[in-house]
2 protein chains.
Amino acid sequence: MTSSKTPNKSADDSDVNAALESGRRRATINDIARLAGVSKKTVSRVINQSPFVREETRQRIEAVIAEWGYAPDPQARGLAFRRSFLIGMIYDNPNPQYVVNMQLGLLDGMRGSGFELVVHPCDRGSPTFLQDVRMFIERQKLFGVVLPPSVSEDERVADLLRDIGCEYIRIASVPLDEEEHMIVGHDRLGAQAMGEHLVSLGHERIGFITGLPSFRSSHERRGGFEDALAKAGVKLDPDYVVQGAYTFESGLACGEALLAKTPRPTAIFAGNDEMAAGVLQAARRAGLTVPEDLTVVGFDDFQIAQAVWPPLTTIHIPTREVGRMAAEKLIAREGYEPGDPSTIIPYLVARESSATPKKV
Amino acid sequence: MTSSKTPNKSADDSDVNAALESGRRRATINDIARLAGVSKKTVSRVINQSPFVREETRQRIEAVIAEWGYAPDPQARGLAFRRSFLIGMIYDNPNPQYVVNMQLGLLDGMRGSGFELVVHPCDRGSPTFLQDVRMFIERQKLFGVVLPPSVSEDERVADLLRDIGCEYIRIASVPLDEEEHMIVGHDRLGAQAMGEHLVSLGHERIGFITGLPSFRSSHERRGGFEDALAKAGVKLDPDYVVQGAYTFESGLACGEALLAKTPRPTAIFAGNDEMAAGVLQAARRAGLTVPEDLTVVGFDDFQIAQAVWPPLTTIHIPTREVGRMAAEKLIAREGYEPGDPSTIIPYLVARESSATPKKV
DNA sequence: GAAGCCCTTGACACCGGTTTCCACTCCCTT
DNA sequence: AAGGGAGTGGAAACCGGTGTCAAGGGCTTC
């Protein structure tokens, strides 16, 4: 028996080492333990940042881990932890840009954490909706889920999550839960800013197109807008408020309805950019020039706001940053600082679709 | 020790059954085996559709599974299989609508299969790109990955996947690999249809805005367009072909460049809808009316095509269906029929932005 | 100098499935 | 009736990690 000097490499190991070195096999915790001359339990301690490991031992193990590029198997770890390293995003938001930005933000917050993002669009109207959500979470033993609007506003979902003990973060325009489970978007503040903007330009007869009433943000946007107008002594005439559906088509229809009123409003604030784009088209059909004859403004600052003519004055929502914070909060790694909530305040982006109304 | 007569239900089981019934604990394969009076190996055989189970036994076990709503733990199963039940989507496509539609399509194809979708945006330019992709796949032991453009066109990625033996499907506008690994989008045919459309309207002096040269589809779109024109005896003047970047801004700039030429083109075909929207804006700035003074057409049929004025004539790409087929092909379940490739042919959607050119 | 304590460490069972190996039925030949 | 093959089910090991618990070593304390 040829004995090597190093006690941690016996003759029996030669072939397994060969397999390892050739890259035919990924390193396991046992390999690392053997190569470092410790038990796998100690390696496990290092991986899980247990304080009960001597500094010298830790460094030796970490060196071996780095040398072999070892990464623990999430499945095996999850099996033992009774929990996976997957984060679910359960959503029913129909806007692709919102969805993608949110995903990017969540991934920003998860980067380097070893977690992965599993997407799960859903239909809140389906009779099996809650059952589906439950199944999804329990089968995958999700570490946690992120709920953007409007799923975040569904108390049945929140109850379910509390019931099965799954971590969750709700993203909504108003607080709906304990601070710990919320990221608040403050749509109200954004709408206020828009109200102030329109008032400062000198508008007094303003049309408003609401969003879907099933979205909490629709009411927040309207409420914030009314607040700002009231503070300036301008009243939002209920007759100039029409119900939209967050789509381009509904914006077109609502825009035509508002422009048919006498006297015509000098400005129209649509609950989102798509509807504002619809209003632009309605104005064009009515032979009006924006912003000379009519100011049109939106909300969200999605790409469409810059892809129409004139580019829309709108409210920017930092969706990606919201997502990042949600993910960071959810996985709450050590070294995680709560993130500055002041950065998630919506803000006004003035473009060319808003101007001072013409003298009558 | 008190022995009971029934081997499958001893006194010891009473409390575990209680825990089960109360829902405090999810059923495991052992519970199902005990309740059905068989070994867990037999339950495993049923789950994995082994033919070596008596029909009567199978039905009894399936009844118990259904009654208790049992679903095997994907982590434990994956650990034994050395493979997870996760499908990765690795992409760098910047268009949110494409990304979301593709995700929806993939999920359509995965529904009910027990697989989940993990999204993985990437940066092909990063020095650690291949390393990242490899890490992602190996750590999660992905069952397979789907590669939409332009990642699908990167041979380094395909080589890597073959090398590590990971199943994959490439989605691209032209065949790049064995049929088994491809879903072909045939952008060329779509561009041909657009060429025929413009020619049939009577256009002869046509401007073309190409997409990013790093996307294979950009060349296909141009090529198909030229084919159609050539067949009709119309030549695409290279002087009227400008390089865009698939963005609204680039469309605006390219549109202005094309409109500055003399004689002015009577129609402009932009490589995608966003650039076409930019051209619309350039036309407006130039004081031209679309389609009376200028025909503008796009490609993709994304939402923006309907949210601009006038709505764009464009080519519809059935992205969601493509995604569904990709997923079905990847997991190739029994009972899977290849799906009709004829449904993934792009087709023309005529809207209001194209018309017969005015007589000069 | 022995007892007591804390810090480290490792042996062993376990997470919930699958696979290997083997024994045991059946059932059908010869 | 014996032999043989195919069909069936059980015990134990394994996938790659983690929890539990007890033991070893060095240090204080009296």
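In what follows, chains are A, B, ... by sequence order, proteins preceding strands, each numbered from 1.
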Just how far, in rounded Å, is [atom2] of [N] from [atom1] of [X]?
{"X": "Lys41(B)", "N": "dT8(D)", "atom1": "NZ", "atom2": "P", "value": "13 Å"}
{"X": "Ile29(A)", "N": "dG10(C)", "atom1": "CD1", "atom2": "P", "value": "12 Å"}
{"X": "Arg139(A)", "N": "dG17(C)", "atom1": "CZ", "atom2": "C1'", "value": "13 Å"}
{"X": "Asn30(A)", "N": "dA13(D)", "atom1": "CG", "atom2": "C1'", "value": "14 Å"}
{"X": "Arg26(B)", "N": "dC15(C)", "atom1": "CZ", "atom2": "P", "value": "14 Å"}
{"X": "Arg58(B)", "N": "dT8(D)", "atom1": "CZ", "atom2": "C1'", "value": "12 Å"}
{"X": "Asp73(A)", "N": "dC14(D)", "atom1": "CG", "atom2": "C1'", "value": "14 Å"}
{"X": "Glu138(B)", "N": "dC15(D)", "atom1": "CD", "atom2": "P", "value": "18 Å"}

Open item on the list: Considering every strand and a 4.0 Å limit on heavy-atom distances, what is the contact class for Val43(A): base, sugar-phosphate, or nothing?
Closed with: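 The residue Val43(A) makes no contact with any strand.
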
TODO: Classify the nucleic acid contact of Phe81(A) as base, sugar-phosphate or nothing, counting any heavy atom under 4.0 Å across all strands shown.
DONE: sugar-phosphate

TODO: Could you tell me whether the side chains of Ser150(B) and Asp92(B) share a donor-acceptor contact shorter than 3.5 Å?
DONE: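 Note: Ser150(B) and Asp92(B) side chains meet the donor-acceptor criterion.
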
Open item on the list: Can you see whether Arg26(A) engages Tyr70(A) through a side-chain donor-acceptor pair at a distance of less than 3.5 angstrom?
Closed with: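 Checked: Arg26(A)/Tyr70(A) side chains show no N/O donor-acceptor pair below 3.5 Å.
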
TODO: Could you check which of dT18(C), dT9(C), dT8(D) has an atom nearest any side-chain atom of Ile47(B)?
DONE: dT18(C)

Open item on the list: Taking the minimum atom-to-atom distance to the side chain of Arg54(B), which one of dG16(C), dG16(D), dT8(D) wins?
Closed with: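 Side chain of Arg54(B) sits closest to dT8(D).
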
- [ ] Between Glu55(B) and Pro72(A), name the one whose nearest nucleotide on DNA chain D is closer to the 5' end.
- [x] Glu55(B)

Phosphate OP1/OP2 of [N] contacted by [X] side-chain N/O (<4.0 Å):
{"X": "Tyr70(B)", "N": "dG16(C)", "value": "no"}
{"X": "Ser44(A)", "N": "dT18(D)", "value": "yes"}
{"X": "Thr42(B)", "N": "dT8(D)", "value": "no"}
{"X": "Asn48(A)", "N": "dT18(D)", "value": "yes"}
{"X": "Ser39(B)", "N": "dG9(D)", "value": "no"}
{"X": "Arg45(A)", "N": "dT8(C)", "value": "no"}
{"X": "Arg77(A)", "N": "dT18(D)", "value": "yes"}

Task: Pairing of Arg34(A) and Asp31(A) as salt bridge, 4.0 angstrom limit - done: yes

Open item on the list: Using a strict threshold of under 4.0 Å (side-chain N to carboxylate O), is an ion pair present between Arg111(A) and Asp132(B)?
Closed with: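 Arg111(A) and Asp132(B): not salt-bridged.
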
TODO: Give the C-alpha distance, both sets of side-chain angles, the deciding distance and a yes or no for side chain to side chain contact (heavy atoms under 4.5 Å, CB included) between Leu176(A) and Met182(A).
DONE: CA-CA 7 Å; Leu176(A) 300 167; Met182(A) 289 292 308; 4.1 Å; yes

- [ ] Output all residues satisfying side-chain hydrogen bond (donor to acceptor under 3.5 Å, both in side chains) with Arg82(B), sequence neighbours left out; order by chain, then residue number.
- [x]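 Residues passing side-chain hydrogen bond (donor to acceptor under 3.5 Å, both in side chains) with Arg82(B): none at all.
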
Task: Spatial distance of atom CD (Gln131(A)) from atom CG (Leu160(A)) [nearest 0.5 Å] - done: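 Separation between the atoms: 9.5 Å.
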
- [ ] Take the angle between the ring planes of Phe143(B) and Phe115(B) and call it parallel below 30°, perpendicular above 60°, tilted in between.
- [x] perpendicular

Open item on the list: With each end axis built from five pairs of C1' atoms, what bend angle do you get for the helix from dG1(C)-dC30(D) to dT30(C)-dA1(D)? Round to 10°.
Closed with: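 Nearest ten degrees gives 50° for this helix.
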
TODO: Determine whether any donor atom in the side chain of Lys40(A) lies under 3.5 Å from an acceptor atom in the base of dG16(D), or the reverse, and answer yes or no.
DONE: no

